[in-house]
Number of protein chains: 2
Amino acid sequence: MPVNSFDNYPMSWKPDKKALKRPYYYSIAELLEQDIINGFLAPGTKLPPQRELADFLDLNFTTITRAYKLCEFKGLIYAVTGSGTFVSPNAARSITISADNTTNLIDFGFVASFEQTNGIVAEVAQKVAEKNYLEKLLNYNDPTGIPHQKTAGLNWMESFGIHADQEHIAIVSGAQNALAIALISLFEPGNRIATDLYTFSNFIELAKMFHIQLVPIPGDQFGMLPDELEKQCCQTKIHGIFLIPSCSNPTTIMISDFRKHELAAIIRKHHLILIEDDIHAFLTAGIVSDYRQPMFNLLPEQSVYICSTSKSLCSGLRVAYMVYGDAFRKNMLQSIFNVNVKTSSLDAEVITELILSGKAHEIVSQKKQLAQSANDLYKEYFPAGQPGEHPLSFYRWLSIEEDVDSSQLEVDLKMRGIRVFHSDRFLSGQTTREKYLRIALSSTNSLDELKLGLDILKQYLG
Amino acid sequence: MPVNSFDNYPMSWKPDKKALKRPYYYSIAELLEQDIINGFLAPGTKLPPQRELADFLDLNFTTITRAYKLCEFKGLIYAVTGSGTFVSPNAARSITISADNTTNLIDFGFVASFEQTNGIVAEVAQKVAEKNYLEKLLNYNDPTGIPHQKTAGLNWMESFGIHADQEHIAIVSGAQNALAIALISLFEPGNRIATDLYTFSNFIELAKMFHIQLVPIPGDQFGMLPDELEKQCCQTKIHGIFLIPSCSNPTTIMISDFRKHELAAIIRKHHLILIEDDIHAFLTAGIVSDYRQPMFNLLPEQSVYICSTSKSLCSGLRVAYMVYGDAFRKNMLQSIFNVNVKTSSLDAEVITELILSGKAHEIVSQKKQLAQSANDLYKEYFPAGQPGEHPLSFYRWLSIEEDVDSSQLEVDLKMRGIRVFHSDRFLSGQTTREKYLRIALSSTNSLDELKLGLDILKQYLG
DNA sequence: AGATTTGTGCTTAAACATTTA
DNA sequence: CTAAATGTTTAAGCACAAATC
């Protein structure tokens, strides 16, 4: 066996010098990627500093910079000036969360939307099918939505505090689709977007896909901390910010009204583009006493407001409204066309009819009731709450012990029959001490099934 | 006035030295971008060689390389080793082509799909609304399509020569959506994709959006030239190839069967990823005698086959099938989820019912008849055809004089009441000598309107 | 056919900025 | 508060490859 004189050198990663081919930077990046994917380098591991690795490999240190950058671009590692370079928390796996009905697990993972109300939607869809203008819904016309459909959308959002006109609203295919469109139309690869430390995992994946870097900002019970945001803005060029003010996913924190103003001031000052995902507006506006208005109102010219109907009205029809300032309009229309051409006017018409007929309110009040019951049941099992939490959220953020292996925990619970997601999946940046589980309450078929799952969970967590 | 001693220096572009700030590369790129956008540098203009500009600015020539690269990334310029760097043909404008019914022009621009058949779709939509399982179409389940819907899709594509299973087909929201998903899931920014010299302008825009570079390959009456493709593959790293074999958009060329085999050999040899847009399969399979099979069959493990129903069945429902090799499956599902979550099962069900009920064939035969009549009329005006042209295409590729200004021509015709697109919009790379117009035949409301438009066009072209 | 023109890719060099001890 | 550690950014140098003349 060859005697490697560096065996006892205290470097966390020692690529095989002999395996290096030219171009070096590329070769190094490949070796690093392999070692991360194969699990030899665990998430959080600190890599050797650029200069140290360069010495070891007899290269200029900027060649290492380049190799590291390549891996950073792929989301495998992240670097912090002064501290070093580290393996990303979710480097080796995809954290996309989707519906998964191939197994018969109790699903506390994917957040569905209490699908028991879809009977009402089916009735309305039938009515739409009988309309004499049905044929007019089947062509290429009105790529951003037929005027009366947009008007209905504007009416719907009026109660959340949104006021806009036909030219600044577009119908797209759900919130995820809207986020994809917003990212691709307003940002470039390499741009940075500030997010909560814990944020919507599908947004993290989307950012990764578009090579947009997330800059995690700490928060408290009132939402993201303005000082921390300001600090990051001064340090590096940040291009945008992503917020879910009405009920953060996954933490359920609501941004309080005073905090919205504080954040808006920073966002304005640094010319950030705000992406506001207000999918939970229907659960918050008019219900939570502190609610005044969306952040869009405070920054109408530099914001994109996204209001999906998937959670509030119907998940399967894939309809969301996007509202944007005039500066973004041209770009937005272009991207909507490039990605969707248009959203089916038939689907949009069913949602429109739900709104115009008043059935939408009926659905919302049923969903609220279902959410109330589910939350009541949850509280019987896990009474401890945290300040700032949303009372009616479709999911809960459960604090757990700090020293468990996140993948193992998910596997353990799967074996016991429930699917849950560990807080590591929602990390936009560095690892944290505190650990949580996100428990979806809206995906079981009944309260009984929810109870069954909570039993298992409670028992497992002891 | 200041005397500039370089005024007579034969450089096509002389940035103001005094306007340069550090970082130089960035400053140069900005100045160049401004001059292109403001029209001071016309499309096709040759920029100064890197070394020459570097001398002029007293910088190392690789700094100019970097500045040029920045503009190339934005699609403003393109570089050819040995020849120089040039302003892109469509640098300053968006060439996205979308439906535009805000004006009362006769639309020969956007290619619609003879919307007169939508009455049949409306009837079938009504039937679907009466199904007792309607409610089951309204949730998050089956993100890639409900099994029976996928089966119907597979049946539909069977006659085009596609054979696949449930695991390798997904329902997405139209061809454009499918292309976006294919590009984002299988390519990285900076990757290169080979295309026909003239190609689908919305694909060009999509590639620009994702920062994927197109490498134009010349072709003849049988399609893209294999030797030219091979040449490019040997020269630079090419990652993929985009083809529309059943009826190229805009040229209407069909790739002949022998050519498919020749191209497949090159694609296999160089491990390219093939994106096959077969939106016109219904107009070609079983109609054009040379048709044997899609290229997907020749390269099943390295291809994505896209079959939209927008042109063949119904444009407004936004349903396309994607068929892919096993190697792409995981990536594909992830991207579909990230961009769409799912495609509305209601829309997919209407398309499914069209196929299962046999109404789909009825629609197709009506559309073919409409296409035949439109083409017959067109031939009365412009009898000269070119070898390899599709006989039933929804649009025609009309050769025109070489020395007209493309934007001016479009504007002139708009003033006369018709919208057409000049061949410059479809250029994936360098400018060419020959000029064409793409004339959509499928977007007028009647043959009379078509005739009216052709009259105007004929008169204008003299 | 060989020299010249022109763009590409990789590596190095140096000045800089931030964080941590 | 300063020094050390560590990552970032910009620019230059050089070998190379393709196209042109």
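Per chain, numbering begins at 1; letters A, B, ... match sequence-line order.
Taking 4.0 angstrom as the limit, A:Arg66 places a side-chain polar atom (N or O) nearer than this to OP1 or OP2 of C:dC10. Neither OP1 nor OP2 of D:dT9 sits under 4.0 Å from any side-chain N or O of A:Thr65. OP1 and OP2 of C:dT11 both lie 4.0 Å or more from every side-chain N or O belonging to A:Thr63. Look at B:Asn60 and you'll find a side-chain N or O under 4.0 angstrom from OP1 or OP2 of D:dG13. OP1 or OP2 of D:dA5 has not a single side-chain nitrogen or oxygen of A:Gln50 nearer than 4.0 Å.
One atom, CD of B:Glu52, and another, P of C:dT4, lie 17 Å apart when rounded to the nearest Å. Following rounding to the nearest Å, B:Arg51 (CZ) and D:dA15 (C1') show an atom-to-atom distance of 11 Å. The nearest whole Å value for the distance from the CD1 atom in B:Ile238 to the P atom in D:dA18 is 13 Å. If you take OH of B:Tyr26 and C1' of D:dA11, they are 17 Å apart, rounded to a whole angstrom. Regarding B:Lys69, its NZ atom lies at a distance of 7 Å from the C1' atom of C:dT8, rounded to whole Å. Here the P atom of nucleotide C:dT5 and the CZ atom of B:Phe61 are 14 Å apart, to the nearest Å.
Put simply, the side chain of B:Ile241 reaches to within 4.5 Å of the side chain of B:Leu229, judged on heavy atoms.
Within 4.0 Å (heavy atoms only), A:Tyr24 reaches sugar-phosphate atoms of the nucleic acid but no base atom. Across all strands, B:Thr236 comes closer than 4.0 Å to no nucleic acid atom at all (heavy-atom distances).
A cation-pi arrangement is present between A:Arg66 and A:Tyr25 under the rule of less than 6.0 angstrom and at most 45 degrees off the ring axis.
Between A:Lys269 and A:Glu230 there is a salt bridge, since a side-chain N of the basic residue sits under 4.0 Å from a carboxylate O of the acidic one.
Considering only side-chain atoms of B:Ser83, the nucleotide from C:dT12, D:dA19, C:dT8 that sits closest is D:dA19. Of the candidates D:dT8, C:dA13, C:dG9, the closest approach to any side-chain atom of A:Thr62 belongs to C:dA13. Distances from the side chain of A:Leu59 to the nucleotides C:dT12, D:dT6, D:dT10 place C:dT12 closest. Proximity note for A:Pro49 (side chain, C-beta onward) versus D:dT9, C:dT11, D:dT6: the nearest is D:dT6. Which of D:dG7, C:dT11, D:dA11 sits closest to the side chain of B:Arg22 comes down to D:dA11.
Not a single donor-acceptor contact under 3.5 angstrom links the side-chain atoms of B:Thr81 to the base of D:dA19.
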Between A:Phe242 and A:Phe203, does a ring pair (Phe, Tyr, Trp, His ring centres under 6.0 Å) hold up when you go through it step by step?
-> CA-CA 9 Å; A:Phe242 172 63; A:Phe203 185 79; 3.8 Å; yes

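Side chain of B:Gln302 to backbone of B:Leu272: a donor-acceptor contact under 3.5 angstrom is found.
Between A:Gln232 and A:Asp58, the residue anchored nearer the 5' end of DNA chain C, judged by the nucleotide with its closest heavy atom, is A:Asp58. Taking for each of A:Lys231 and B:Lys46 the nucleotide of DNA chain C with the nearest heavy atom, the 5'-most of the two is the partner of B:Lys46.
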